[in-house]
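Remarks on the structure that follows.
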Protein chains: 2
Amino acid sequence: MTARPDQPQASDLPPDLPPDLPEALSGRIVISVDAMGGDNGPKAVVAGIAASARKNPEIGFILHGPRARLEKLLAKRQELAGLVVIRDANDVVRMEDKPSLVMRNGKGTSMWSALDSVRNGEATCAVSCGNTGALMALSMIRLRKLPGVNRPAIAILFPSRSKQGFNVMLDAGADLRADAGDLLQFALMGVSYARNGLDLPHPRVGLLNVGTEEHKGRPELREAHGMIGDFAARAEFDYVGFVEGSDIPGDMADVIVTDGFTGNVAIKTGEGTASLIGDLLREAFKYSTLSRLASVLALTSLGRLRKRIDPRRVNGGVFLGLNGTVVKSHGSADATGVSAAVKLAFQLAQSGFTEKLAARVASTAELTQDASNGPEAGSGKPLEEDKT
Amino acid sequence: MTARPDQPQASDLPPDLPPDLPEALSGRIVISVDAMGGDNGPKAVVAGIAASARKNPEIGFILHGPRARLEKLLAKRQELAGLVVIRDANDVVRMEDKPSLVMRNGKGTSMWSALDSVRNGEATCAVSCGNTGALMALSMIRLRKLPGVNRPAIAILFPSRSKQGFNVMLDAGADLRADAGDLLQFALMGVSYARNGLDLPHPRVGLLNVGTEEHKGRPELREAHGMIGDFAARAEFDYVGFVEGSDIPGDMADVIVTDGFTGNVAIKTGEGTASLIGDLLREAFKYSTLSRLASVLALTSLGRLRKRIDPRRVNGGVFLGLNGTVVKSHGSADATGVSAAVKLAFQLAQSGFTEKLAARVASTAELTQDASNGPEAGSGKPLEEDKT
């Protein structure tokens, strides 16, 4: 059996684990991967996990999809020999499928199967390139919310001026709303993710608003402003206060907290702007003979820039607040994109992120209780559980 | 007297106009310009209006600020001789001043004076580089909302793939909230602005949401979706339905409608992303001798790109829904930026935009009434008043 003793187990399941994980996966960190549902099909997914396996000697995979098709693809990948267990699933969640329908009829899909490997403790992280709405809906019913979490959130990585090269932003669209308490939980989940996924021991947290002055913004933002500030010292993060849209790609905060509506608009506006500039740059270089020559000479420089802001390399949207971690890769992810999502899932699994996040969120309820009894009523001891 | 007969006049003012506009301004389109409050001071503003005067033989200015200082700057600008009337105002609204304080104590400021030239009918458009919050607050009390307008809005231009090179987005932050009726008014005001400011006779309108499917989004968005769709044919615009953040720099819609909170975050996220990419591009070109050489060869191409997405050239945030039009220039605007804002103000003044917008909004209330009596109850005649 491959599960590590500290893996979370759904309380309504028997403790014995499925029997068919081969001996080869024993001792490895196992990632559950949905082979289907991405724009580039299972071929890109298999190429992606093969790339990950070449770079990472500790990894193993449970791959979900039509067995015959996957076996054929795996046969060509010697680097994956003995490292992949296939779970046969013949249905696919398509990009246009409505989440509500998938929740009712999705049981035979590769996405459902991939989440069930996390549910039953074979893996702590799942990766899928499929339909985001359906993946969130299925994650909610198969993995359930962590005790104490009101709204799970999607955290994304946004290229930025910060020294790590990108910032965490959440919620990027799991839900449309967030009250002050939800925003506090997003802050704590974002901090935990920044520590375990990005190696930032003491992240800076900012709350997204239309200005940085204390009197600005909607009432729930001003309330959350006070709550997050009160938690910062004990939870060992820096609260930098309100930040603006320009700080999402900036160097004011490592974790940007907002509701899912605003977060979704912001990430798509940023992506659209970057894509427009990229196209205009290509056009500009086609303009004259001299500029064509310049573009040839500049190829390496432009390649370096492209790599720095390549959405495939900061590809993982992560679902936080569930019993298990789900990494959502872009629907259009190619092998590089899949491999980046798998790498993130591996790092989170290796760090024991799910358990640490669960402990952090569980303690929030207690601390909120403390806070309502006055700032000195709690134990005052810092939260140590998710330091790396 | 220089006012054109069709200029709007605040009903609580006597019809006689101030006496001291010189004969030279007679027959010109006069723009009221706040010389103070920008990061670069009155020198940049005077340089900006001088640039406009060189290109535009029909323009004249009322310039607001400390007389002695302005006279000294104007003395060096032969191209402005006889085209500028100074209104002495010794106080300045600073960037850090709170709007509420400016509303109480701002009477001696150049910003107040600039708005009063619109209020008393000397000009139909004012331009200021000052503090946005204070400018909106003063505009509200000095110019008042147009009859039938619930929330004025700030419309900005966002570089885009559309054939005109940018899209209109509103509200970019005049208010934090907008209900379905406000969003409908934003759509109609945005259409009017696109016609008169951007020469788009039949603009495409999109409502910003987290997805394009009809069931997505907050309740007020689904309600506004129906209302805007119902008005499209009669008001002669195309309603393309819900759009996403990626469509703000895209080619799906010319006018993007959203609330001021979301709009403010989106514009600042776009600006921050563009600025990050620009800096990374410069870094990339500094990397090696070859890339430095390439950057020299590419100077013209990069200059062309910079011009295309230069915020100074799409500089005007326009306040819509007031008795008069106010163009807010960036605080950091230099001569090029001020001149771009003045050019926009001129075009809007020349087209009689304020009156057309007033007529359009007044008819909305009537049409909403019609709509609530069933789709066939109205006269069914298209709104012709703001076609160019």
Side-chain angles (χ1 to χ4, degrees), chain A residues 98 133 158-161 173 176-177 208-211 213 215-218 244-250 258 260-262 264-281 283-288 290-291 293-305 308-309, chain B residues 98 133 158-161 173 176-177 208-211 213 215-218 244-250 258 260-262 264-281 283-288 290-291 293-305 308-309:
Chain A
K98 283 203 176 171
F158 202 105
S160 80
R161 296 178 197 273
L176 297 179
R177 271 160 296 265
L208 189 61
N209 200 345
V210 296
E213 302 91 339
H215 65 277
K216 291 247 179 171
R218 297 168 169 157
E244 302 182 83
S246 49
D247 297 315
I248 301 175
T258 189
F261 186 91
T262 310
N264 182 284
V265 168
I267 172 100
K268 288 177 180 167
T269 303
E271 286 176 349
T273 304
S275 156
L276 172 65
I277 295 175
D279 287 358
L280 293 174
L281 199 57
E283 263 174 47
F285 275 120
K286 277 187 202 153
Y287 191 76
S288 66
L290 201 62
S291 63
L293 176 61
S295 76
V296 172
L297 291 178
L299 271 183
T300 326
S301 303
L302 294 175
R304 213 159 26 238
L305 171 63
R308 170 80 164 76
I309 60 168
Chain B
K98 283 203 177 172
F158 202 106
S160 79
R161 296 177 196 273
L176 296 178
R177 273 159 296 267
L208 189 61
N209 200 345
V210 295
E213 302 90 339
H215 65 278
K216 290 248 180 172
R218 296 168 170 157
E244 303 182 82
S246 49
D247 297 315
I248 300 174
T258 189
F261 185 91
T262 310
N264 182 284
V265 168
I267 172 98
K268 288 177 180 167
T269 303
E271 285 176 349
T273 303
S275 156
L276 173 65
I277 294 174
D279 287 358
L280 293 175
L281 199 57
E283 263 174 48
F285 275 119
K286 278 186 200 152
Y287 192 77
S288 67
L290 201 63
S291 62
L293 175 61
S295 76
V296 172
L297 291 178
L299 271 183
T300 327
S301 303
L302 293 175
R304 214 161 24 239
L305 171 63
R308 170 80 164 79
I309 59 168

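Residue numbering restarts at 1 for every chain, and letters A, B, ... go by the order of the sequence lines.
Between A/Val265 and B/Asn209 the shortest heavy-atom distance is CG2-O, 4.4 Å. Between B/Pro249 and A/Gly272 the shortest heavy-atom distance is CG-C, 3.5 Å.
Contact annotation for B/Leu208: both backbone and side-chain heavy atoms come within less than 4.5 Å of a heavy atom of chain A. With a 4.5 Å cut-off on non-hydrogen atoms, B/Ser275 touches chain A through its backbone and its side chain both.
The choice from B/Ile267, B/Asp279, B/Thr258, B/Ile248 that makes the most heavy-atom pairs within less than 4.5 Å of chain A is B/Asp279. Counting heavy-atom pairs closer than 4.5 Å to chain A, the top residue among B/Gly260, B/Gly250, B/Gly245 is B/Gly245.
In this view, A/Leu281 and A/Phe285, A/Leu302, B/Leu281, B/Leu302, B/Leu305 satisfy the side chain to side chain contact (heavy atoms under 4.5 Å, CB included) rule, not counting sequence neighbours. Applying the salt bridge (charged side-chain N to carboxylate O under 4.0 Å, His left out) rule to A/Arg177 yields no partners; only residues at least two apart in sequence or on another chain are considered.
Rounding to the nearest 0.5 Å places OG of A/Ser246 at 11.5 Å from CG of B/Leu276. Taken to the nearest 0.5 Å, the CZ atom of B/Phe158 stands 6.0 Å off from the OG1 atom of A/Thr269.
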Could you walk me through whether B/Lys268 and A/Asp247 pass the salt bridge (charged side-chain N to carboxylate O under 4.0 Å, His left out) check?
CA-CA 8 Å; B/Lys268 288 177 180 167; A/Asp247 297 315; over 6 Å; no
